[in-house]
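What follows is a short report on a single structure.
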There are 2 protein chains.
Amino acid sequence: MTEKDDFSLQDFLPFLLNRAAEESSLAFQAHYKNRYGMLRNEWRVLFHLGIFGQMTAKEIGERAKIHKTKISRAVAKLAARRFVSRSRDEKDRRSEHLRLTPAGEAAYRDLRSQAQTYDAQLAQRFTPQEVALLRHMLRQLAGIEAPRSHDAEHRGDG
Amino acid sequence: MTEKDDFSLQDFLPFLLNRAAEESSLAFQAHYKNRYGMLRNEWRVLFHLGIFGQMTAKEIGERAKIHKTKISRAVAKLAARRFVSRSRDEKDRRSEHLRLTPAGEAAYRDLRSQAQTYDAQLAQRFTPQEVALLRHMLRQLAGIEAPRSHDAEHRGDG
DNA sequence: TCTTGTTAGTTACAAAATCAACTATTAATT
DNA sequence: AATTAATAGTTGATTTTGTAACTAACAAGA
């Protein structure tokens with residue numbers, strides 16, 4: 001099983017990113033799955049509501065780039081478990097405002113603390129500067145952060 | 001929709017890694033999907049065989065950390081499309097050796113070139129040093145590379 | 001040889017993701 | 001006002017994944 005071609009799959013960014021994402025999600029996944037029977041999209045919705053207090057399904061979808069059907073199903077499950085409450089917007093009765101119930105808040109706080117611990121654990125493998133750069137590059141690749149355009153910056157019109 | 005909690009989901013590494021992985025996979029995915037009707041695990045298997053020439057399903061699974069059922073199905077599809085050929089190992093008739101057919105080789109070369117172009121495009125957003133560090137950290141997080149003990153490396157020379 | 005255990009790979013069934021079509025409501029156009 | 005288009009969210013059909021059980025082949029020990 002020796003290489004006959006020098007292309008390195010293990011250096012191909014999309015592959016590498018996927019592997020790193022999968023691997024680094026495992027431990028946290030175990031937590032929300034075992035402790036709360038939650039799915040990936042469920043904790044994501046939970047976290048958004050925990051962080052922002054009140055949002056519509058649409059706003060969550062836009063911010064997390066999760067498709068509306070996933071949001072819909074995640075919200076349905078969270079609502080069934082009384083982790084979120086829903087209330088219609090009286091100005092626009094198509095959309096509804098979501099927020100955490102006390103039980104949802106409790107679950108959020110628990111998972112958030114897990115997340116913080118786990119994140120710190122992952123970050124510990126590198127220096128603070130490296131981690132900062134890593135997050136920056138990942139935000140960049142994720143399309144969360146605008147590319148820092150070297151050209152524009154040097155032209156002085158940014 | 002203003003933050004009421006200072007936890008940043010967008011900095012949480014598992015979330016960030018997933019988003020970056022998804023986003024950075026889109027363009028390449030479009031390629032193997034549209035052009036060859038392939039699935040993620042199929043191009044991964046194809047690439048492994050393209051790079052290593054001949055492997056068993058087990059070897060591919062170990063190297064790429066893909067579960068054996070995924071490999072099995074990916075190989076079945078690739079074999080049905082005459083992209084890979086299978087031959088039993090006569091010493092151990094449980095396992096079989098997989099290799100690309102000429103058609104598979106052609107598909108591999110096409111996709112490999114796409115991958116190279118695309119990877120370069122992604123890398124272009126950063127300096128070469130940054131990209132090298134990024135890959136290193138991702139390999140680290142993916143469990144491909146052993147952690148380097150920074151105590152040793154960072155203690156002496158800044 | 002005859003268990004017993006292990007391994008390579010497949011298959012079956014359940015869980016989840018994807019995509020399209022749908023309802024209800026609001027906005028825009030005539 | 002009536003018609004058409006757009007939007008928020010849900011539902012259903014299909015595809016893909018995940019998990020467990022399975023078959024076939026080998027291995028080791030009694």
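Since we're looking at a predicted model, the values are computed, not measured. What you see below is based on every heavy atom in this structure, not just the backbone, and it leaves out hydrogens, waters and symmetry mates.
- Only Ser72(A), Arg73(A), listed by number, bring a heavy atom of residues 70-77 of chain A to less than 4.0 angstrom from any atom of DNA chain D.
- Of the candidates dT19(D), dT10(D), dA25(D), the closest approach to any side-chain atom of Arg93(B) belongs to dA25(D).
- Counting non-hydrogen atoms under 4.0 angstrom, Thr69(B) reaches a base of the nucleic acid.
- Between Asp5(A) and Arg109(B) there is no salt bridge, since no side-chain nitrogen of the basic residue lies less than 4.0 Å from a carboxylate oxygen of the acidic one.
- A side-chain contact (heavy atoms from CB on, under 4.5 Å) with Ile71(B) is found for exactly one of Val45(B), Leu98(B), Asn41(B), namely Val45(B).
- Interface limits on DNA chain C: the 5'-most and 3'-most nucleotides within less than 4.0 Å of chain B heavy atoms are dT6(C) to dA12(C).
- The residues Asp89(B) and Arg94(B) are annotated as not salt-bridged, no charged nitrogen and carboxylate oxygen being separated by less than 4.0 angstrom.
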For this session: Could you walk me through whether Glu90(A) and Arg93(A) pass salt bridge (Lys or Arg N to Asp or Glu O under 4.0 Å), step by step?
Result: CA-CA 5 Å; Glu90(A) 284 307 324; Arg93(A) 301 183 39 72; 3.4 Å; yes

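- For Ala57(A), the listed nucleotide lying nearest its side chain is dG9(D); candidates were dG9(D), dC26(D), dT19(D).
- Backbone-only contact: Lys58(B) has heavy atoms under 4.0 Å from sugar-phosphate atoms and none from a base.
- The distance from atom CZ of Arg88(A) to atom C1' of dG9(D) is 8 Å, rounded to the nearest whole Å.
- One interatomic measurement links the two molecules: CG of Asp89(B) to P of dA24(D), which rounds to 19 Å at whole-angstrom precision.
- In the model, Arg139(A) has no side-chain atom that pairs as donor or acceptor with a side-chain atom of Gln10(B) under 3.5 Å.
- Minimum atom distance to the side chain of Arg86(A) is reached by dT10(D), of the listed dA25(D), dT10(D), dA20(D).
- Ring pair Trp43(A)/Phe28(A): centre-to-centre distance below 6.0 Å.
- Comparing Leu39(B) and Lys33(A) against DNA chain D, the residue whose closest nucleotide sits nearer the 5' end is Leu39(B).
- Between Arg81(A) and Glu42(A) there is a salt bridge, with a side-chain nitrogen of the basic residue lying less than 4.0 Å from a carboxylate oxygen of the acidic one.
- Residue order along DNA chain C, read from the 5' end via each residue's closest nucleotide, puts Ser95(B) first among His67(A) and Ser95(B).
- Across the protein-nucleic acid pair, Arg40(B) atom CZ and dT17(D) atom P stand 7 Å apart, rounded to whole Å.
- Hydrophobic clustering of Ile, Leu, Val, Met, Phe, Trp and Tyr side chains at less than 4.5 Å, counting indirect connections, keeps Ile66(B) apart from Leu39(B).
- The pair Arg112(A)-Asp6(B) fails the salt-bridge criterion, with no side-chain N (NZ, NE, NH1 or NH2) lying under 4.0 Å from an Asp/Glu carboxylate O.
- Rounded to an integer number of Å, the gap from Glu96(B) CD to dA25(D) P is 12 Å.
- Atom CD1 in Ile60(A) sits roughly 9 Å away from atom P in dG9(D) (whole-Å rounding).
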